[in-house]
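Structure first, then comments.
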Amino acid sequence: MEFELRPEQREIQELTREFARAEIDPHAAEWDREHLFPTEAIAKLAGLGLLGVCVPEELGGAGADFVSYALVLEELSRADAGVGVTVAVHTSAATLPLIAFGTAGQRGEYVPPLARGEVLGAFALTEPGAGSDAGALVTRAEQVDEGWRISGAKQWITNGSYAGTFLLFARTDPQTASARGVSAFVVDKAHVQVTREEEKLGLHSSSTADLVIDAVVSEDRLLGELHHGFRVAMSTLDGGRIGIAAQAVGIARAAYEVALAYAKERTAFGRKISQFQAIQHKLANMSMEIDAARLLTLQAAWLKDRGLPVTEAGAKAKLFASEMARRQTAEAIQILGGYGYTKEFPVERYYRDAKITEIYEGTSEIQRLVIARHILGQRRPERERHDP
Ligand code: CAA
């Protein structure tokens with residue numbers, strides 16, 4: 001086993017860390033308070049190649065591996081989780097599936113602008129009536145002379161208001177009401193209408209939008225096999241969940257760093273609070289759980305780099321890291337006491353931002369279902385009952 005990062009992985013990690021300290025840290029509180037999408041910072045990330053970290057060079061990316069990408073997401077999310085999710089969805093939920101499932105023509109047309117960060121990507125699966133049960137989606141795509149008429153509504157689409165390219169899922173077989181009979185499409189900003197920007201508990205520097213689509217797109221917008229788009233969605237989420245795990249590790253690390261520094265400064269009962277066992281135990285648990293979550297995350301990323309199955313490993317990493325981030329950001333508030341509950345320190349932001357990692361790209365309940373199906377060898381039992 002090899003636990004050392006390779007020099008080029010360390011270099012990308014350092015580059016991102018420096019960028020985050022210089023360009024994100026000074027603004028993150030304001031972006032959160034004012035609900036600002038950091039267009040300029042995202043453009044600078046594009047300039048550094050960080051919007052196509054793990055995209056092959058011949059497609060306009062930096063040609064690094066998935067481990068490097070996970071390191072980038074941890075560093076960005078340590079500074080601002082909203083920036084983290086913007087990059088995560090753009091990369092692993094929009095760009096990578098186009099590489100994995102696209103024809104040579106589709107890869108050549110859509111991937112380079114995404115990898116260079118000239119266009120942002122989004123992943124439009126969720127609908128008002130189809131969240132955890134993603135296969136219940138009702139957006140329809142009907143074959144017409146010019147290609148496909150797609151009509152429906154999508155909800156909670158990360159990057160929705162800023163994306164130029166959307167990976168969108170629609171039902172192509174009207175005889176089905178489940179995951180079977182769904183297909184994946186690549187659509188442009190011009191094909192969709194943003195109807196609402198969501199008000200959220202946290203992640204205020206990211207965009208979460210509702211969309212309506214009623215457009216005709218050409219035949220060649222179908223991505224992957226007809227009626228088998230759910231495989232595109234699921235294998236995309238297999239990789240995406242590793243990215244969310246890295247995001248959760250970054251948020252928890254941010255909270256730990258603030259709590260550690262505070263504990264060494266704050267005096268109570270005549271001593272630094274870091275000298276009290278109650279605080280020491282909290283810090284020890286934080287440090288241990290962050291390390292454990294990072295190991296699960298990097299192991300899943302390492303498996304992905306080797307082309308090995310990641311469904312179970314990605315679900316485990318995301319499940320553990322997200323629940324850890326929620327627990328440990330709460331502990332950071334506890335260490336800071338009253339100050340932790342105020343806007344004077346950033347830990348309340350970390351707590352609000354951590355919560356979503358237990359929900360998006362599959363809730364903790366769905367991660368447990370995915371893991372259980374794998375360890376019990378049970379794939380899709382409930383679904384078969386509904387299919388005609
Ligand atoms: N890889 C490839 N294919 C897979 C797969 C995987 N990991 N898992 C399932 N599939 C395929 C199956 O083989 C099957 O394909 P065929 O019909 O072509 O043979 C098809 O997908 C349906 O599979 P299931 O019967 O297992 O589907 P299901 O309806 O039982 O659903 C589920 C399974 C795990 C519950 C799934 O619905 C799920 O993951 N739900 C959560 C949805 C989710 O994560 N949403 C996140 C939204 S995006 C987001 O959050 C982004 C963001 O903003 C940050």
Side-chain angles (χ1 to χ4, degrees), residues 1-26 28 41-81 83-88 90-92 95-96 99 115-117 239-258 260-261 286-308 310 313-314 317-318 320-321 324-325 328 350 357:
M1 292 178 82
E2 182 55 79
F3 284 100
E4 290 246 27
L5 294 179
R6 291 202 305 267
E8 65 275 17
Q9 293 169 332
R10 206 167 273 288
E11 224 171 87
I12 290 181
Q13 184 187 43
E14 274 305 314
L15 172 82
T16 317
R17 190 172 289 170
E18 277 317 304
F19 176 84
R21 287 205 197 288
E23 304 284 347
I24 303 180
D25 281 347
I42 299 293
K44 286 180 185 168
L45 280 172
L48 291 175
L50 295 179
L51 291 190
V53 184
C54 52
V55 174
E57 283 176 272
E58 63 272 20
L59 289 173
D65 59 6
F66 206 82
V67 165
S68 303
Y69 167 65
L71 296 169
V72 165
L73 288 184
E74 178 183 331
E75 293 306 322
L76 293 177
S77 305
R78 202 276 310 142
D80 185 276
V83 172
V85 76
T86 300
V87 174
H90 165 82
T91 310
S92 53
T95 312
L96 297 187
I99 299 174
R116 290 192 295 260
R241 287 167 183 164
I242 306 171
I244 300 305
Q247 183 197 30
V249 172
I251 302 169
R253 199 182 104 212
Y256 167 68
E257 286 172 3
V258 173
L260 183 66
M286 288 174 112
S287 166
M288 172 185 68
E289 290 202 6
I290 292 167
D291 283 356
R294 186 184 294 110
L295 283 171
L296 280 175
T297 304
L298 293 181
Q299 184 203 28
W302 181 90
L303 289 170
K304 185 158 168 60
D305 277 329
R306 273 146 195 80
L308 295 167
V310 294
K318 197 238 182 216
F320 183 78
M324 178 283 291
Q328 298 304 353
Y350 303 147
T357 64

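Worth knowing before you read on, the calculation uses all heavy atoms, side chains too, and leaves out hydrogens, waters and symmetry mates. Positions are given from 1 along the sequence.
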With heavy-atom distances below 4.5 Å as the criterion, would you say the side chains of Thr297 and Glu74 are in contact? no

d(Asp80 CG, Thr86 OG1) to nearest 0.5 Å is 8.0 Å

Here the pair of heavy atoms bringing Ala70 nearest to Ala246 is O-CB, 3.4 Å

When you measure from the side chain of Ser68 to the backbone N and O of Gln9, does any donor-acceptor pair fall under 3.5 Å? no

Residues Leu71, Thr16; criterion side-chain contact (heavy atoms from CB on, under 4.5 Å); working and verdict: CA-CA 9 Å; Leu71 296 169; Thr16 317; over 6 Å; no

Other residues, nucleotides, ligands: >12 heavy atoms within 6.0 Å of Glu257 CD: yes

Would you say Ile99 and Val55 make side-chain contact, with heavy atoms under 4.5 Å? yes

To the nearest 0.5 Å, what is the distance between CD1 (Ile42) and CG (Leu76)? 8.0 Å

Begin with the C-alpha distance, continue with both residues' side-chain angles, and end with the deciding distance and a verdict on side-chain contact (heavy atoms from CB on, under 4.5 Å) for His90 and Thr95. CA-CA 6 Å; His90 165 82; Thr95 312; 4.0 Å; yes

Gln247 side-chain N/O to Leu73 backbone N/O, donor-acceptor pair under 3.5 Å: no

All heavy atoms of Val53 vs all of Ala62, minimum pair found to be O-CB, 3.6 Å

What's the spacing between Met324 CE and Arg294 CZ if we round to 0.5 Å? 8.5 Å

Is any side-chain heavy atom of Leu50 less than 4.5 Å from a side-chain heavy atom of Val87? no

Stepwise side-chain contact (heavy atoms from CB on, under 4.5 Å) check, Glu75 with Glu18: CA-CA 9 Å; Glu75 293 306 322; Glu18 277 317 304; over 6 Å; no

Ala301 and Ile242: which non-hydrogen atoms are nearest, and at how many Å? N-CG2, 3.9 Å

Taking the side chain as everything from C-beta on, heavy atoms only, tell me whether Met288 gets closer than 4.5 Å to Gln328. no

Nearest 0.5 Å, please: how far is CZ in Arg253 from OH in Tyr256? 11.0 Å

Run Phe3 and Leu298 through side-chain contact (heavy atoms from CB on, under 4.5 Å) and show every step you take. CA-CA 10 Å; Phe3 284 100; Leu298 293 181; over 6 Å; no

Gap separating the CD1 atom of Ile24 from the CG atom of Leu45, nearest 0.5 angstrom: 5.5 Å

CZ of Phe19 to CG of Asp25, rounded to nearest 0.5 Å, is 10.5 Å

Lys318 side chain vs Gly243 backbone, donor-acceptor pair below 3.5 Å: no

How far apart are the closest heavy atoms of Phe66 and Lys304, and which atoms are they? CE1-CE, 3.4 Å

When every non-hydrogen atom of Ala79 is compared with those of Ala28, the smallest separation belongs to O-CB, 3.5 Å

Nearest non-hydrogen partners of Ala325 and Ala252, listed with the distance: CA-CB, 4.1 Å

